[in-house]
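We're numbering straight along the sequence, starting at 1. Computed over heavy atoms, backbone and side chain alike; hydrogens, waters and symmetry mates excluded. Keep in mind that this is a model prediction, so the values were computed, not measured.
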Amino acid sequence: MAAKNQVCIIGSGNWGSAIAKIIGANTAKLENFEDRVTMYVYEEIIDGKKLTEIINETHENVKYLPGHKLPENVVAVPDVVEAAANADILVFVVPHQFIRRICSTLLGKIKPTAVGLSLIKGFDKKEGGGIELISHIIAAELKIPMAVLMGANLASEVADEMFCETTIGCKDKAVGTVLRDMIQTSFFRVVVVDDVDSVECCGALKNIVACGAGFVDGLGLGDNTKAAVIRLGLMEMIKFVDVFFPGGKLSTFFESCGVADLITTCYGGRNRKVSEAFVKTGKTIEELERDMLNGQKLQGPFTAEEVNYMLKLKDMESRFPLFTAIHRICVGELKPGDLIDCIRSHPEHMYGNENIPPMCHL
């Protein structure tokens with residue numbers, strides 16, 4: 001890596017802005033980082049003024065993270081090529097639906113020695129069938145090594161500097177140390193592991209389970225039922241990774257990216273909130289996304305669709321009944337109340353611990 005690393009943050013939603021607050025403060029103090037941090041901002045007009053101009057003049061993302069000051073060394077740039085041109089570290093934090101378009105725009109226009117860090121939680125469909133991790137897409141498209149960051153990190157709480165943990169998955173120890181230093185603060189504790197695919201899968205799959213938790217809340221069924229959804233969801237997460245991305249470690253699921261993020265998302269977070277409203281209002285997911293999220297994208301139903309695409313392709317829907325039921329509820333094939341029948345008859349209740357896949361154990 002460079003003697004002084006230039007950082008570019010690609011994305012400026014609430015999570016992108018919250019992480020920009022941390023990275024900007026850290027790079028201003030660390031000798032091996034350039035002071036200036038660029039942040040790619042999709043240009044919008046807010047009260048007749050460009051959002052990038054507002055951010056650079058007031059140092060506040062008034063749309064996606066209002067009430068929080070960004071460090072003055074974080075510079076909003078509306079052109080992603082300009083923002084990323086000189087970067088040694090590219091931090092990707094955009095909705096996963098947009099990543100291929102951004103990569104095609106950046107191809108051949110970034111440093112060949114750059115490394116990437118993905119904070120994006122989701123999968124994408126492969127053109128030839130199946131699903132692909134977002135970090136794999138970025139690595140293949142831009143020909144750069146990729147690490148990932150996932151954890152129990154609700155953006156508003158991170159911005160408020162409430163203590164939390166996160167997990168970086170990185171195969172290169174030296175790069176992992178640099179990324180940790182760029183991110184870690186007294187209130188944001190980072191653990192680096194080398195099980196990259198498992199870390200990333202946790203970040204995507206937990207959003208599906210959070211939808212199930214939201215359905216439980218909408219039905220008024222209480223914390224005991226939600227706990228069952230969380231437990232069975234964790235089992236299916238472990239099994240899914242073992243089947244489709246083998247070679248991981250069971251211990252990864254006990255890091256912040258695993259069980260901690262799962263619990264946090266099932267009690268807070270937008271997927272749970274919108275799924276609860278889905279039950280109570282009868283509106284579609286698309287209507288609620290528009291009405292409730294201030295321009296942000298909902299990841300859970302989209303990820304559930306992509307996972308179901310893979311399960312159906314491999315004739316494995318019956319092996320993942322919770323994931324399958326949540327998807328079918330999201331698209332209107334099942335009623336929210338049908339989720340309880342799925343929980344009641346879940347095969348894990350028949351086989352117990354024998355259903356835990358034989359991963360590389362603790």
| message | If hydrophobic clusters are built by linking Ile, Leu, Val, Met, Phe, Trp and Tyr wherever their side-chain heavy atoms come under 4.5 Å apart, do V274 and L205 end up in the same one? | response | yes
Side-chain touch H59/V74, heavy atoms, less than 4.5 angstrom:
no
* **Donor-acceptor pair, side chain of Q184 and main chain of V190, under 3.5 angstrom** => yes
**Prompt:** Are F163 and I263 connected in the hydrophobic side-chain network, where two residues link if heavy atoms are under 4.5 Å apart?
**Reply:** no
Which donor-acceptor pairs under 3.5 Å do the side chains of residues 134-145 make with protein atoms, sequence neighbours left out?
unit_1: S135; atom_1: OG; unit_2: E200; atom_2: OE1; d: 2.5
unit_1: H136; atom_1: NE2; unit_2: D197; atom_2: OD1; d: 2.9
unit_1: K143; atom_1: NZ; unit_2: A140; atom_2: O; d: 2.9

*Stacked cation flag K125 on Y309, 6.0 angstrom / 45 deg*: yes
The residue among D242, D195, D194 that forms salt bridge (Lys or Arg N to Asp or Glu O under 4.0 Å) with K249 is D194
Nearest heavy-atom contact between P321 and C342 is O-SG, 3.4 Å
**Request:** Kindly assign one of parallel, tilted or perpendicular to the pair F244 and F240, based on the angle between their ring planes and the thresholds 30° and 60°.
**Result:** tilted
- So, the side chain of T265 versus the backbone of L262: is there a donor-acceptor pair under 3.5 Å, distance only? no
**Request:** Consider only side-chain heavy atoms of I, L, V, M, F, W and Y, link residues closer than 4.5 Å, and tell whether Y40 and I54 are in one cluster.
**Result:** no
Practice item. Count the heavy atoms belonging to other residues, nucleotides or ligands that lie under 6.0 Å from CG of D181, then report whether that count exceeds 12. Key: yes
(Q) For Q299 and N271, which I'm curious about, is there any donor-acceptor pair between the side chains at under 3.5 Å? (A) no
Check: L51 and V62 side chains under 4.5 Å, non-hydrogen atoms
yes
The salt bridge (charged side-chain N to carboxylate O under 4.0 Å, His left out) partners of D338 (sequence neighbours excluded) come to none
So, K50 and E43, do they make that salt bridge, N to O below 4.0 Å? no
Check whether any side-chain N or O of T167 sits under 3.5 Å from a backbone N or O of C257 as a donor-acceptor pair, and report yes or no. yes
**Request:** For residues K49 and E57, determine if any side-chain heavy atom of one lies less than 4.5 Å from a side-chain heavy atom of the other.
**Result:** yes
Residues passing the ring pair (Phe, Tyr, Trp, His ring centres under 6.0 Å) test with F302, sequence neighbours excluded, are H96
**Study point:** Residues, nucleotides or ligands: over 12 heavy atoms within 6.0 Å of K4 NZ
**Key:** yes
Residues 201-226 vs ring-ring contact (aromatic ring centres under 6.0 Å, His included), sequence neighbours excluded, gives F215-F278
> Would the number of heavy atoms belonging to other residues, nucleotides or ligands and lying under 6.0 Å from CZ of F187 be above 12?
Replying inline: yes
Sorted by chain and number, sequence neighbours left out, side-chain hydrogen bond (donor to acceptor under 3.5 Å, both in side chains) with E157 holds for none
- Message: Between K69 and T58 (side chain of the first, backbone of the second, donor and acceptor by atom type, cut-off under 3.5 Å), is there such a pair?
- Response: yes
Tightest non-hydrogen contact, residues N61 and Y64, listed as OD1-N, 3.1 Å
>> In the structure I gave you, are the side-chain heavy atoms of L322 and L339 within less than 4.5 Å of one another anywhere?
In response: yes
Here the side chain to side chain donor-acceptor pair (under 3.5 Å) pairs for residues 20-33, sequence neighbours left out, are T27-N73
Should we count CD of E72 as having more than 12 external heavy atoms under 6.0 Å?
no
Sidechain N-carboxylate O distance under 4.0 Å for K280, E276 = yes
Query raised in the report: Do N207 and R272 have side-chain atoms, one donor and one acceptor, less than 3.5 Å apart?
Result: no
Going only through I, L, V, M, F, W and Y residues with side-chain contacts under 4.5 Å, is there a path from F323 to I343? yes
Do the side chain of D88 and the main chain of Q6 share a donor and acceptor less than 3.5 angstrom apart?
yes
*Does NZ or CZ of K226 lie under 6.0 Å from the centre of the six-membered ring of Y267, at an angle within 45° of the ring axis?*
yes
